[in-house]
Amino acid sequence: MTTRVRPSTKRCAVIGGSGFLGRHLVEKLLDRGYSVSVFDIRQSYELPGVAFHLGDLCDKQALLPAMKDVSLVFHCASPAPASDDRGLFERVNIQGTRIVIQACIEAGVQKLVLTSSASVVFEGTDIKNGREDLPYAKKPIDYYTETKIQQEKLVLEACDKEKGLLTVAIRPHGIFGPRDPQLVPILVDAARRGKMKFIIGDGTNLVDFTFVENVVHGHILAAERLRPDSPICGKPYHITNDEPVKFWDFMSDVLVGLGYAAPRYHLPYALVYGLALLLWLLALILRPLVSFKPTFTPMRVALAGTHHYYNCERAKQDLGYKPVVSLKDGIARTVQSYPHLRQGA
Ligand SMILES: NC(=O)C1=CN([C@@H]2O[C@H](COP(=O)(O)OP(=O)(O)OC[C@H]3O[C@@H](n4cnc5c(N)ncnc54)[C@H](O)[C@@H]3O)[C@@H](O)[C@H]2O)C=CC1
Ligand SMILES: CC(C)=CCC[C@@H](C)[C@H]1CC[C@H]2C3=C(CC[C@]12C)[C@@]1(C)CCC(=O)C[C@@H]1CC3
């Protein structure tokens with residue numbers, strides 16, 4: 001008779017664990033007594049108690065050793081939204097996620113928690129207090145969003161109590177915090193090049209920005225509540241700071257905190273969007289001859305000039321979620337963590 005050894009419930013793997021969110025997740029999991037394997041195409045740090053497995057998640061044979069004796073997998077790997085490479089997004093977010101699911105089933109993993117995105121319902125127009133039952137975007141604003149939609153569908157459809165794999169998707173929005181490679185560095189770069197003088201639109205549009213530790217908290221709650229009899233199986237959950245803020249107030253707080261001037265002059269939304277569209281088309285046409293990446297893309301202009309904030313009541317009810325760090329404290333901790341990006345540094 002063969003006895004199947006049940007993997008320890010405190011052993012988990014984080015795919016994308018070298019990234020911004022992934023590393024914060026790994027640190028919190030260690031704090032909570034989990035032992036952690038990281039799977040990533042790169043190793044960005046070392047930590048006692050963390051086993052790194054380097055490889056591409058599209059390669060099942062490379063993935064399987066990272067899932068050995070693991071009961072819980074977090075999948076938070078994705079190419080960066082700015083890469084704008086359709087082939088790469090399709091390969092990693094869609095085909096790669098299929099492979100992650102197959103590997104989980106083969107390795108006997110019981111729970112898979114996906115980092116999805118609240119943007120899966122965003123089409124570039126206002127979303128106010130959006131709930132999880134909003135339909136997926138029919139016209140996603142970019143390839144990143146298009147493939148995040150397919151990825152989420154794949155993971156949620158893979159939830160199968162009979163086969164023994166339970167899945168759930170966390171949809172964060174506007175993650176920020178120490179070590180974020182995108183939001184603050186892009187913003188500071190724009191400020192240093194004199195491009196942060198303008199407010200797109202009237203500046204009153206509300207947006208969710210979510211401190212990274214709240215996102216981590218949502219992931220861990222979901223993982224720990226994911227059981228065959230729980231209502232969360234196969235569902236998506238918005239995780240935000242639950243404090244929608246004016247997009248341009250948030251930008252100003254970060255910029256002023258780092259010693260830069262806040263944007264002051266208003267530009268009409270339609271004009272900037274039209275210009276961004278023209279630039280994007282120009283970049284596409286000229287791609288064979290010259291390569292240039294405009295700072296303001298149609299996607300960024302849409303994010304900067306519309307309302308997009310989400311309701312996280314479902315996470316509160318089903319997961320017992322409540323943000324653990326307020327927006328004010330999150331901004332202060334973020335600003336402090338970037339001394340090298342301060343004005344004059
Ligand atoms: N940063 C944000 O504001 C938001 C992020 N998300 C999602 O959160 C997740 C984590 O995002 P971040 O930490 O911001 O990104 P990140 O770029 O810092 O981390 C992603 C990690 O995935 C790894 N990776 C990429 N392709 C891989 C592959 N083929 N095989 C193995 N590893 C691979 C990268 O090396 C990187 O370490 C992503 O799924 C993203 O879509 C969702 C909503 C908002
Ligand atoms: C809420 C949310 C999803 C935020 C995360 C995305 C951010 C990384 C970008 C979204 C809008 C971007 C943006 C700029 C910088 C990066 C973002 C904050 C600019 C301020 C860059 C300089 C400009 O010319 C205007 C851009 C507006 C939008």
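Read the numbers this way: they start at 1 and go in the same order the structure lists the ligands and their atoms.
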With the threshold set at under 4.0 angstrom, would you say Pro172 reaches ligand 1 through any of its heavy atoms? yes
Residues passing the ring pair (Phe, Tyr, Trp, His ring centres under 6.0 Å) test with Phe20, sequence neighbours excluded, are His24
Quick note on ligand 1: atoms under 4.0 Å from a heavy atom of Ser18 include exactly 37 (O)
Of Ser83, Pro81, Ser78, the residue with the heavy atom nearest atom 25 (C) of ligand 1 is Ser78
Near Gly19 (heavy-atom distance under 4.0 Å), the atoms of ligand 1 are 18 (O), 19 (O), 36 (C), 37 (O)
Just distances here: any N/O of Ile175 and N/O of ligand 1 closer than 3.5 Å?
yes
| So, does Ala80 sit close enough to ligand 1 that a heavy atom of it is under 4.0 Å from the ligand? | no
Item to check | Distance flag, aromatic centroids of Phe176 and Phe250, threshold under 6.0 Å | outcome: yes
Numbered in order shown, the ligand 1 atoms found under 4.0 Å of a heavy atom of Tyr144 are 6 (N), 7 (C), 40 (C), 41 (O), 42 (C)
If you compare Val120, Asp40, Asn93 by their heavy atoms, the one closest to atom 23 (C) of ligand 1 turns out to be Asp40
(message) Assess whether a salt bridge exists between Glu27 and Arg23, defined as any Lys/Arg side-chain N lying under 4.0 Å from an Asp/Glu carboxylate O.
(response) yes
If we number the atoms of ligand 1 from 1 as shown, the ones under 4.0 Å from a heavy atom of Lys148 are 38 (C), 39 (O), 40 (C), 41 (O)
Among Ala77, Pro181, Ala62, the residue with a heavy atom nearest to atom 22 (O) of ligand 1 is Ala77
Give a yes/no on ligand 1: does Ser119 have at least one heavy atom closer than 4.0 angstrom to it?
no
message = A cation-pi test, strictly: NZ or CZ of Lys316 under 6.0 Å from the centre of the six-membered ring of Tyr321 and no more than 45 degrees from its axis. Yes or no?
response = no
Pair Asp202, Thr204: side-chain N/O donor-acceptor within cut-off below 3.5 Å
yes
Arg42 heavy atoms within 4.0 Å reach ligand 1 at atoms 34 (C), 35 (O), 36 (C), 37 (O)
Item to complete: Give me the ring orientation class for His173 and His308: parallel if the planes are under 30° apart, tilted from 30 to 60°, perpendicular past 60°.
Response: perpendicular
Residues at least two apart in sequence or cross-chain that pass ring pair (Phe, Tyr, Trp, His ring centres under 6.0 Å) with Phe52, listed by chain then number, are Tyr45
Counting from 1 in the order shown, the ligand 1 atoms closer than 4.0 Å to a non-hydrogen atom of Gly55 are 30 (N), 31 (C)
Separation between CD1 (Ile239) and NE2 (His219), nearest 0.5 Å, reads 8.5 Å
Could you tell me how the ring of Tyr310 sits relative to the ring of His238: parallel (under 30°), tilted (30 to 60°) or perpendicular (over 60°)? perpendicular
